[in-house]
Amino acid sequence: MRIAVIGAGNVGGGFSRAAVAAGHDVVISAAHPEKARAVAAEVGAQAADSNAEAVRGAQVVVLAVPGTEAPAVTAEIAPALSGAVVVDATNPLNASFDGLAIDGLSGAAAVQQAAGSTPVVKAFNTVFAGRYGNPAEQGAPLAVLVAGDDATARGTVAELATSLGFAPVEAPSLRFARTLEEVAFLNIALNAGNGWVWQSHFQLVGPTAA
């Protein structure tokens with residue numbers, strides 16, 4: 001797949017590295033183009049000088065920016081999106097990091113509003129950046145929770161997750177993005193509060209068939 005990653009921090013860099021290793025064509029952009037170029041050179045991706053340039057021709061656009069900035073970034077790139085799926089991998093933490101800064105149902109809902117007719121899928125936000133390149137625990141692939149209204153878009157993101165070594169679990173609508181954001185916030189709070197090493201992960205276990 002041709003993947004545009006918007007953001008070159010821990011999440012953007014970690015995701016880009018894993019996607020390149022899986023054989024995807026990755027383009028990175030960031031608020032500071034020199035940062036995108038440095039990360040792209042490090043992980044074997046390409047760099048773009050602007051977000052709009054990065055998303056042209058992309059099949060999947062991964063938002064790896066601060067969650068509260070995700071709607072504005074989406075509005076910026078929306079005119080350049082054509083046939084793409086936007087993956088909201090962000091978590092809208094508030095300024096004091098003790099809650100979520102959400103107006104409405106979820107951060108992803110605001111991203112979908114900014115994206116217009118382009119489908120938005122919430123995914124990868126429940127996975128810490130350090131696990132993108134280490135997607136298994138005790139021999140079992142980590143689950144990636146995928147929430148979105150568009151079944152085809154969810155399928156595209158599930159295919160991407162599988163290619164990275166994860167086990168996708170699809171939720172049937174973007175309404176569940178709020179749940180994913182709360183799950184991610186709980187994991188963040190547990191690691192920050194207990195001095196953990198940012199490798200923990202919530203996993204769905206047990207039979208999934210009758």
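Position 1 is the first residue of the sequence; numbering continues from there. Just so it is clear, the structure is predicted and the values come from calculations on it, not from any experiment. Keep in mind that the numbers below use all heavy atoms, side chains included, and drop hydrogens, waters and symmetry copies.
A donor-acceptor contact shorter than 3.5 Å is absent between the side chain of N187 and the backbone of T126. Looking only at distances, no side-chain donor or acceptor of E181 sits under 3.5 Å from a matching main-chain atom of P92. At distances below 3.5 Å, at least one donor-acceptor pair connects side-chain atoms of Q112 with backbone N or O atoms of T118. In terms of modelled atom types and a separation under 3.5 Å, the side chain of K35 and the main chain of S29 share no donor-acceptor contact. Side-chain atoms of S16 never come within 3.5 Å of backbone atoms of G13 as a donor-acceptor pair (strictly under, hydrogens ignored).
Residues N125 and K122 are in side-chain contact: their nearest non-hydrogen atoms beyond the backbone lie under 4.5 Å apart. The side-chain heavy atoms of V62 and D88, taken from C-beta on, include no pair separated by under 4.5 Å. Counting heavy atoms from C-beta on, the side chains of H24 and S163 come closer than 4.5 Å. No side-chain heavy atom of E53 sits under 4.5 Å from any side-chain heavy atom of V27.
Placement of V26 and M1 within a single hydrophobic cluster is found when ILVMFWY residues are connected by side-chain heavy-atom separations under 4.5 Å, directly or transitively. At a threshold of 4.5 Å between side-chain heavy atoms, the hydrophobic network of Ile, Leu, Val, Met, Phe, Trp and Tyr places L145 and V157 in two separate groups. F124 and L180 fall into different hydrophobic clusters, defined by Ile, Leu, Val, Met, Phe, Trp and Tyr side-chain heavy atoms under 4.5 Å apart, directly or through other members.
Apart from F185 itself, the hydrophobic cluster it occupies contains L93, F97, L100, I102, F128, I188, W198, where clustering links Ile, Leu, Val, Met, Phe, Trp and Tyr at side-chain heavy-atom distances under 4.5 Å. Under a 4.5 Å side-chain heavy-atom criterion applied to ILVMFWY residues, the cluster that includes V111 comprises I6, V55, V61, L63, V65, V73, I77, L81, V86, V120 as well. Under a 4.5 Å side-chain heavy-atom criterion applied to ILVMFWY residues, the cluster that includes V183 comprises L186, L190, W196, F202 as well.
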Legend entry - Criterion side-chain contact (heavy atoms from CB on, under 4.5 Å) on V127 and V144, from CA distance to verdict: CA-CA 7 Å; V127 182; V144 164; 4.1 Å; yes
Inset, instruction - May I have the step-by-step check of side-chain contact (heavy atoms from CB on, under 4.5 Å) for I28 and R37, ending in yes or no? - result: CA-CA 8 Å; I28 304 172; R37 289 192 289 270; over 6 Å; no
Inset, instruction - For side-chain contact (heavy atoms from CB on, under 4.5 Å), just list the numbers for V121 and D149, CA-CA rounded to whole Å, side-chain angles, deciding distance to a tenth of an Å, and then say yes or no. - result: CA-CA 8 Å; V121 174; D149 294 332; over 6 Å; no
Legend entry - Worked verdict on L142 versus R131 for side-chain contact (heavy atoms from CB on, under 4.5 Å): CA-CA 9 Å; L142 300 183; R131 298 308 300 249; 3.9 Å; yes
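Distance check, rounded to the nearest 0.5 Å: CZ of F176 to OG of S106 gives 12.0 Å. Taken from CD in Q46 to CZ in R2, the straight-line distance is 5.5 Å, to the nearest 0.5 Å. Interatomic distance, Q203 CD to H201 NE2, rounded to the nearest 0.5 Å: 4.5 Å.
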Going by atom type alone, with no hydrogens or angles, which donor-acceptor pairs under 3.5 Å involve a side-chain atom of residues 164-175 and a protein atom two or more places apart or on another chain?
from, atom 1, to, atom 2, distance (Å)
E170, OE1, R154, NE, 3.0
S173, OG, R175, N, 3.3

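For E34, the CD atom counts as densely surrounded, since its 6.0 Å shell holds more than 12 non-hydrogen atoms of other residues, nucleotides or ligands. More than 12 heavy atoms of other residues, nucleotides or ligands sit less than 6.0 Å from atom CG of N194. The local environment of CG in N134 is crowded, with over 12 non-hydrogen atoms from other residues, nucleotides or ligands closer than 6.0 Å.
N191 and Q199 share no donor-acceptor pair across their side chains, judged by distance under 3.5 Å alone.
Residues meeting the salt bridge (charged side-chain N to carboxylate O under 4.0 Å, His left out) test with E182, sequence neighbours left out: R178.
Closest of all the heavy-atom pairs between A54 and A4 is O-CB, 3.4 Å. Residues A108 and A177 come closest through the heavy atom pair CB-CB, 3.6 Å.
Among residues at least two apart or in separate chains, side-chain hydrogen bond (donor to acceptor under 3.5 Å, both in side chains) pairs with a member in residues 64-81 are N51-E76.
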